[in-house]
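Start at 1 and go down the list; that is how both ligands and their atoms are numbered. Start at 1 with the first residue, then count along the sequence. As a basis for the values below, the full set of heavy atoms in this structure was taken, side chains included, without hydrogen atoms, waters or symmetry mates. All values derive from a computational prediction rather than experimental measurement.
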Amino acid sequence: MKVIGFNASPRKNHNTAWSINQILEGATQVGAQTQIFHSGELDIGPCKGCLGCTKGDGCVVADDMREVHAALGLADALVLGSPVYMAQMSGQAKVFTDRLFAQITPRFSPHFKEKNAGKKLVLVFTQGNPNQSKFQAYYDYTKSMFQMLEFDVRDMIIVTGTRSKQASENVGLDEILREVGKKLALDAAN
Ligand SMILES: Cc1cc2nc3c(=O)[nH]c(=O)nc-3n(C[C@H](O)[C@H](O)[C@H](O)COP(=O)(O)O)c2cc1C
């Protein structure tokens with residue numbers, strides 16, 4: 001079973017990456033193969049809206065999203081982590097989501113592909129603000145958006161207060177995240 005992570009923070013070694021890595025570590029502990037992609041290391045441009053993916057075999061844009069698409073095609077589950085930027089997901093996370101169009105299209109589209117429907121997803125948000133309910137409406141919307149895209153959203157993790165304290169400094173959070181990863185991987189295996 002394979003679980004991949006996508007870190008939509010441009011920072012490779014900070015809160016979002018750490019949180020995703022704990023989840024992947026938990027998945028590894030129950031036998032999953034894992035891989036993490038860091039948006040900051042990749043050249044992934046926005047969707048061009050060319051609809052080339054509806055005619056041929058996948059996205060026609062030749063950038064690093066090809067590698068991510070390939071990995072996602074083989075994965076049982078995805079952990080998508082984003083910092084909150086201006087009360088929403090980061091631009092990198094939105095670009096990533098738009099580029100999924102080549103692989104996953106909602107049923108309102110005439111060229112629906114079954115390929116990735118039902119893929120398991122854990123969403124991870126990290127936010128500077130200590131108040132979790134501050135962005136709850138946006139988180140709920142985002143979860144329903146991914147459900148509309150036919151992901152099987154298993155969990156949504158919100159890590160708060162990273163302005164004053166690193167995610168890794170939250171006592172017990174590592175264990176909670178590893179449990180999320182274990183559960184995700186075990187669910188994906190069944
Ligand atoms: C451009 C930018 C916009 C941000 N906007 C918000 C925001 O609206 N609300 C919030 O709580 N934190 C905001 N933050 C703080 C980040 O969400 C927070 O520090 C996050 O944990 C960073 O993730 P990282 O350490 O993985 O890069 C913002 C940070 C940046 C750089």
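Proximity of Y139 to Q127: side-chain heavy atoms (C-beta onward) are separated by under 4.5 Å at one or more points.
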Write none if no such pair exists; otherwise list each N/O atom of ligand 1 with its protein N/O partner under 3.5 Å and the distance.
from, atom 1, to, atom 2, distance (Å)
ligand 1, 5 (N), V84, O, 3.3
ligand 1, 5 (N), M86, N, 2.9
ligand 1, 8 (O), M86, N, 3.3
ligand 1, 8 (O), A87, N, 2.8
ligand 1, 11 (O), G128, N, 3.2
ligand 1, 11 (O), N129, N, 2.8
ligand 1, 12 (N), G128, N, 3.1
ligand 1, 14 (N), V84, O, 3.2
ligand 1, 17 (O), V84, N, 3.3
ligand 1, 17 (O), V84, O, 2.6
ligand 1, 17 (O), T126, O, 3.4
ligand 1, 19 (O), T162, OG1, 3.3
ligand 1, 21 (O), T126, OG1, 2.7
ligand 1, 21 (O), T162, OG1, 2.7
ligand 1, 23 (O), T16, OG1, 3.4
ligand 1, 23 (O), T126, OG1, 3.3
ligand 1, 25 (O), R11, NH2, 2.8
ligand 1, 25 (O), N15, N, 3.2
ligand 1, 25 (O), N15, ND2, 2.8
ligand 1, 26 (O), S9, OG, 3.4
ligand 1, 26 (O), N15, N, 3.4
ligand 1, 26 (O), T16, N, 2.8
ligand 1, 26 (O), T16, OG1, 2.7
ligand 1, 27 (O), S9, OG, 2.7
ligand 1, 27 (O), R11, NE, 3.0

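With sequence neighbours excluded, the residues satisfying side chain to side chain contact (heavy atoms under 4.5 Å, CB included) with R11 are S9, H14, N15.
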Acceptor/donor pairs from residues 72-79 side chains to any protein atom, 3.5 angstrom cut, sequence neighbours excluded:
from, atom 1, to, atom 2, distance (Å)
D76, OD2, K2, N, 2.7

Check: residues 94-101 side-chain donor-acceptor pairs under 3.5 Å, at least two apart:
from, atom 1, to, atom 2, distance (Å)
K94, NZ, D98, OD1, 2.6
K94, NZ, D98, OD2, 3.3
T97, OG1, A93, O, 2.7
R99, NH1, G45, O, 2.7
R99, NH1, D63, OD1, 3.4
R99, NH1, D63, OD2, 2.8
R99, NH2, D63, OD1, 3.0

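Here the side chain of T16 pairs no donor or acceptor atom with the backbone of G81 at under 3.5 angstrom.
You'll find the ring centres of F135 and F125 outside the 6.0 Å limit.
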